[in-house]
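This structure is a prediction, so every number in the text was calculated from the model and none was measured.
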Amino acid sequence: MGPTASGKTDIAVDLTARWPFEIISVDSAMVYKGMDIGTAKPDADTLTRAPHRLIDFLDPAEPYSAARFRDDAMAAIDEIHATGRIPLLVGGTMLYYRALLQGLSDLPDADPTIRARLEAEAEVEGWEALHRRLVAVDPAAARRIHPNDPQRIQRALEVHALTGRPMTELQQGRKAPNLPWPVWRIGLMPAQRTWLHARIARRFEAMMAAGLEAEVEALMVRGDLHLGLPALRAVGYRQVWEYLAGEYDRDEAQRRGIVATRQLAKRQITWMRSEPALTVIECDRPAVADRVRRTVAEHLGGL
């Protein structure tokens, strides 16, 4: 696991060439078809050399959840084990890791009506105002959730609206996962945040040059997609969508996309710091791939 732009995919592909690993993607945006550039989805050549499960199989109009990911990942793990290979989970959607490794709470399903209402209120008041509302009904969740994290603010308020109880209280009844396999965690973490920020800026600029604008335009012209969908909340897509809708210019879309990606990376790093038994490898040091390979070799022994 690691924050966005930390080099996870390249290192994972390198590992599959040396050991009998098979990759399972842990990425809430790569699941969607037609969203390739902005999600940094592996290209065809990479997928030929190192196939990835759980990418590119869902229409952007369809929501995907941590619960559904857990079911899909468990099935993929079983199938990989049946072939005598080792599942290698790779990605940065920390909620999905937590769902798989720590279990799921008994929370209500999403309610489109309540979500649409909260989206409309946020359009008028702003997400910071809704975060202040969350402070009043679920202060513990508000402390965990950043005011610039609309998806999680919306979910916490939605759960409270549906149940009348704080989401934090409901999450205390988390169902145990009872995974039947040992799990080893490797985390790519930059020692210097400035290194990651520079990579994020270069990558987003490269995405724009590679055609992210045209990719988002193709999603817009469908007519059935909107910014309330989880797929379009992915960093970069919302900002380019709003630019194409005339809310600001291309330079501002790029600036906002880079800022949103940096905020995502900060949240991912915060999640990683709470992960138990995480083997941390600093991804901004020289020869990071060599250090990962040595660490994996020591863990796997003579395999």
Between [X] and [Y], is there a shared hydrophobic cluster once you connect ILVMFWY residues whose side-chain heavy atoms come closer than 4.5 Å?
X	Y	result
L244	M208	yes
M272	W195	yes
M35	L58	yes

query = Looking only at atom types and distance, does a side-chain atom of H131 sit under 3.5 Å from a main-chain N or O of I145, one as donor and one as acceptor?
reply =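 At least one qualifying donor-acceptor pair exists.
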query = Do side-chain atoms of K41 reach the backbone of Y32 as a donor and acceptor pair under 3.5 angstrom?
reply =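 The answer is yes, because a donor-acceptor pair under 3.5 Å joins these two groups.
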inquiry  = Pairing donors with acceptors under 3.5 angstrom, does anything connect the side chains of R144 and T270?
reply    =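 The answer is no; no qualifying pair exists.
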task = Taking the side chain as every heavy atom from C-beta outward, state whether I24 and H52 have any pair of such atoms under 4.5 Å apart.
result =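 No - every pair of side-chain heavy atoms lies 4.5 Å or more apart.
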inquiry  = Is any side-chain heavy atom of S28 closer than 4.5 Å to one of P230?
reply    =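 A side-chain contact is absent here, since even the closest heavy-atom pair is not under 4.5 Å.
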Ring centre gap for F69 and Y96 strictly below 6.0 Å =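 Yes, ring centres under 6.0 Å apart.
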Contact summary for T4 and A265, nearest pair of heavy atoms =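 Residues T4 and A265, closest heavy atoms: CG2-CB, 4.0 Å.
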message = On a heavy-atom basis, which atom in I23 and which in V13 lie closest, and how many Å separate them?
response =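 Scanning both residues, the minimum pair turns out to be CD1-N, 4.2 Å.
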key: salt bridge (Lys or Arg N to Asp or Glu O under 4.0 Å), paired with R250, selected from E242, E205, E213   =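 The residue from E242, E205, E213 that satisfies salt bridge (Lys or Arg N to Asp or Glu O under 4.0 Å) with R250 turns out to be E213.
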query = Would D43 and T46 satisfy side chain to side chain donor-acceptor pair (under 3.5 Å), going step by step from the backbone distance to the final call?
reply = CA-CA 5 Å; D43 60 24; T46 300; 2.8 Å; yes
message = For R256, I'd like to know if atom CZ has over 12 heavy atoms of other residues, nucleotides or ligands within 6.0 Å.
response =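 Counting neighbours around CZ of R256, more than 12 heavy atoms of other residues, nucleotides or ligands fall under 6.0 Å, so yes.
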query = Please walk me through it: do F57 and Y64 pass ring pair (Phe, Tyr, Trp, His ring centres under 6.0 Å)?
reply = CA-CA 11 Å; F57 66 93; Y64 195 64; 5.7 Å; yes
